[in-house]
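Below is one structure; the comments refer to it alone.
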Amino acid sequence: MKAEIFDIKRYAVHDGPGIRTTFFLKGCPLHCLWCQNPESMHREQEIVLTRIKCIGCGACKAACNKLDNTLRLPKSQCTLCGKCIEACKTGARHFAAKLLSPEETAMLASEDKLFYDLSGGGVTFSGGECLTHAQFMEHTLRLCKESGLHTTVDTCGFVPFETFKRVLPYTDLFLYDIKILDPLRHKEYTGQHNSLILSNVKALALAGANLILRVPLIPGYTDNPEDINAIGDFILQELHNDILRIELLQYNRLAASKYGNSTIYNDGGPGEYPLPDLTPQTKEYISHLSRILSDKGISVFCETI
């Protein structure tokens with residue numbers, strides 16, 4: 001049993017309390033217009049091409065005769081043999097993900113236990129949607145808890161509640177995305193309705209899970225005062241304010257650099273960034289949104305850039 005992990009971020013300080021190691025797993029059931037990790041959209045293994053590192057030497061083409069003159073090939077023809085990666089002299093080509101077992105993952109997470117203990121930190125699992133790897137997550141979280149680590153799951157919530165029941169005994173904290181309450185706009189922006197997401201968070205609150213809700217503030221999409229007010233009412237009426245806090249995540253443009261075709265496939269990659277012209281909110285505007293929630297008696301946090 002192994003999972004596709006496309007990034008491991010050590011000394012992470014925004015993915016739960018204290019200093020943490022965050023594991024990012026491939027695969028997500030949502031396709032948000034503003035996705036911050038487009039390399040995680042698809043669960044299957046891919047070969048990434050970092051154009052800025054490529055010197056066009058042709059060593060990869062000599063190793064794989066399927067490559068065309070642009071040093072790419074159709075995705076259907078790639079067998080993931082890795083010959084082009086081995087031949088690449090600059091490291092411009094590499095597999096998108098590492099395949100790790102629960103034991104390997106828990107061992108990596110435990111390497112920085114001293115920093116966790118000193119800072120009140122631990123290990124976080126994110127994505128993509130880490131809970132699409134249900135069996136892997138259950139096993140890995142259990143091993144982490146047995147090693148004395150604080151565990152956090154960062155989730156979009158769009159998985160069967162049975163999956164949450166499997167990981168709940170081994171999860172100290174859930175970072176839970178609530179993007180927008182309007183089901184039609186949620187489907188327009190993410191590809192899925194939000195009924196499962198909302199029912200899951202209500203069930204988690206009822207089960208006594210530690211919850212921090214997170215709202216990605218996308219200009220013109222999820223940052224309208226009316227939508228924030230609706231989320232506040234949902235917290236009060238449906239969750240009975242039984243959350244640790246809600247975090248408003250200021251929009252940033254960093255994701256745009258990950259788009260374009262970053263794979264070796266001439267018919268692959270996430271395409272162009274769908275929202276190229278958005279401007280991050282001002283501190284004053286975010287303070288206004290925060291007050292909508294705090295005036296309702298809801299604990300709210302936002303770190304602006």
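- Leu71 contributes atom CG, which lies 5.5 Å from atom SG of Cys54 (distance to the nearest 0.5 angstrom).
- Rounding to the nearest 0.5 Å places SG of Cys32 at 10.0 Å from CD of Gln192.
- For Thr22 against Ala12, the heavy-atom pair with the smallest separation is OG1-CB, 3.6 Å.
- Applying the side-chain hydrogen bond (donor to acceptor under 3.5 Å, both in side chains) rule to Asp233 yields the partners Lys296; only residues at least two apart in sequence or on another chain are considered.
- At distances below 3.5 Å, not a single donor-acceptor pair connects side-chain atoms of Thr50 with backbone N or O atoms of Lys53.
- With respect to Arg10 and Glu111, a salt bridge is recorded, a charged nitrogen being found less than 4.0 Å from a carboxylate O.
- Here the side chain of Asp182 pairs a donor or acceptor atom with the backbone of Leu184 at under 3.5 angstrom.
- Taking each heavy atom of Leu275 and Tyr251 in turn, the nearest pair found is O-OH, 3.6 Å.
- Summarising the geometry of Pro29 relative to Cys156, their closest heavy-atom pair is CG-SG, 4.3 Å, with the distance given to 0.1 Å.
- Follow the hydrophobic side-chain contacts under 4.5 Å out from Leu289 and you never reach Ile212; the two are in separate clusters.
- Residues forming a salt bridge (charged side-chain N to carboxylate O under 4.0 Å, His left out) with Arg245 (at least two apart in sequence, or on another chain): Glu247.
- Residue pairs meeting the salt bridge (charged side-chain N to carboxylate O under 4.0 Å, His left out) criterion with at least one member in residues 116-141, sequence neighbours excluded: Lys113-Asp117, Glu138-Arg166.
- For the atom pair OG1 of Thr140 and CD of Glu104, the computed distance is 10.0 Å after rounding to the nearest 0.5 Å.
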Tyr176 vs Asp154, side chain to side chain contact (heavy atoms under 4.5 Å, CB included): CA-CA, chis, key distance, verdict: CA-CA 6 Å; Tyr176 200 104; Asp154 184 1; over 6 Å; no
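- In terms of the salt bridge (charged side-chain N to carboxylate O under 4.0 Å, His left out) criterion, Glu226 has no residue partners (sequence neighbours excluded).
- Grouping Ile, Leu, Val, Met, Phe, Trp and Tyr by side-chain contacts under 4.5 Å, direct or through others, puts Tyr11 with Val13, Ile19, Phe115.
- Minimum interatomic distance between Lys179 and Ile231 (heavy atoms only, all atoms of both residues): O-CD1, 4.4 Å.
- Proximity of His150 to Val123: side-chain heavy atoms (C-beta onward) are nowhere separated by under 4.5 Å.
- If you chain together hydrophobic residues whose side chains sit under 4.5 Å apart, Leu49 and Leu73 fall into the same group.
- Under the rule for a side-chain hydrogen bond (donor to acceptor under 3.5 Å, both in side chains), the partners of Arg142 that lie at least two apart in sequence or sit in another chain are His139, Glu146.
- Lys26 and Glu46 are joined by a salt bridge, as a carboxylate oxygen and a charged side-chain nitrogen come within less than 4.0 angstrom of each other.
- A distance-only check finds no donor-acceptor pair linking the side chain of Tyr221 to the backbone of Arg185 [under 3.5 Å].
- Of the possible polar contacts, one joining the Thr263 side chain to the Tyr265 backbone as a donor-acceptor pair under 3.5 Å is found.
- Using a cutoff of 4.0 Å between basic side-chain nitrogens and carboxylate oxygens, Asp15 and Lys9 are scored as salt-bridged.
- Closest non-hydrogen pair, Leu168 versus Ala209, comes out as CD1-CB, 3.8 Å.
- Counting heavy atoms from C-beta outward, Thr171 and Met137 have side chains that stay 4.5 Å or more apart.
- Taking NE2 from His186 and CG from Leu198, the interatomic distance works out to 7.5 Å, rounded to the nearest 0.5 Å.
- Residues Arg214 and Leu248 fail the side-chain proximity criterion, which asks for heavy atoms closer than 4.5 Å.
- Within the 3.5 Å criterion, the main-chain N or O of Thr151 finds a donor-acceptor partner in the side chain of Asp172.
- Of all heavy-atom pairs between Asp223 and Gln281, the closest is OD2-NE2, 3.2 Å.
- No side-chain donor-acceptor contact under 3.5 Å links Gln250 to the backbone of Cys302.
- Among residues at least two apart or in separate chains, there is no salt bridge (charged side-chain N to carboxylate O under 4.0 Å, His left out) pair with a member in residues 79-96.
- Taking the six-membered ring where tryptophan is involved, the planes of His133 and Phe136 are perpendicular, since the angle between them exceeds 60° and thus also 30°.
- Hydrophobic cluster membership of Ile55, counting Ile, Leu, Val, Met, Phe, Trp and Tyr whose side-chain heavy atoms lie under 4.5 Å apart directly or via other members: none, as it forms a cluster of its own.
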Trace of the side chain to side chain contact (heavy atoms under 4.5 Å, CB included) decision for Glu238 with Val201: CA-CA 9 Å; Glu238 302 294 337; Val201 75; over 6 Å; no
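- Taking Tyr273 as the reference, Tyr259 meet the ring pair (Phe, Tyr, Trp, His ring centres under 6.0 Å) condition, with sequence neighbours excluded.
- Placement of Ile243 and Leu217 within a single hydrophobic cluster is found when ILVMFWY residues are connected by side-chain heavy-atom separations under 4.5 Å, directly or transitively.
- Looking at Thr222, its side chain does come within 3.5 Å of a backbone N or O of Pro216 through a donor-acceptor pair.
- Every salt bridge (charged side-chain N to carboxylate O under 4.0 Å, His left out) that Glu44 has, sequence neighbours left out, goes to Lys75.
- Panel note: side chain Lys66, backbone Gln77; a donor-acceptor pair is recorded below 3.5 Å.
- In this structure the side chain of Phe301 never reaches within 4.5 angstrom of the side chain of Ile246, judged on heavy atoms.
- For residues 24-66, the pairs satisfying ring pair (Phe, Tyr, Trp, His ring centres under 6.0 Å) are Phe6-Phe24, with sequence neighbours left out.
- Of the possible polar contacts, one joining the Asn37 side chain to the Gly127 backbone as a donor-acceptor pair under 3.5 Å is found.
- By the 4.5 Å heavy-atom criterion applied to side chains, Ser290 and Ile286 are counted as neighbours.
- Note: Ile228 CD1 to Ile292 CD1 = 7.0 Å, rounded to the nearest 0.5 Å.
- With respect to Arg72 and Asp267, no salt bridge is recorded, no charged nitrogen being found less than 4.0 Å from a carboxylate O.
- With sequence neighbours excluded, no residue forms a salt bridge (charged side-chain N to carboxylate O under 4.0 Å, His left out) with Lys2.
- Using a 4.0 Å cut-off between charged nitrogen and carboxylate oxygen, Asp112 and Arg20 do not count as a salt-bridge pair.
- Listed for the Ser199 side chain is a donor-acceptor partner under 3.5 Å among the backbone atoms of Ser195.
- The distance from atom OG of Ser110 to atom CG of Leu149, rounded to the nearest 0.5 Å, is 4.5 Å.
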CA sep, side-chain torsions, deciding dist, call: Asn210, Phe174, side chain to side chain contact (heavy atoms under 4.5 Å, CB included): CA-CA 6 Å; Asn210 290 317; Phe174 290 95; over 6 Å; no
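- A single hydrophobic cluster is seen to contain both Met41 and Tyr189, as judged by linkage of ILVMFWY side chains at heavy-atom distances under 4.5 Å, directly or through other members.
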Worked check of side chain to side chain contact (heavy atoms under 4.5 Å, CB included) between Asp242 and Leu206: CA-CA 9 Å; Asp242 193 13; Leu206 187 63; over 6 Å; no
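- Within the 4.5 Å cutoff, side-chain heavy atoms of Leu244 are placed close to those of Leu173.
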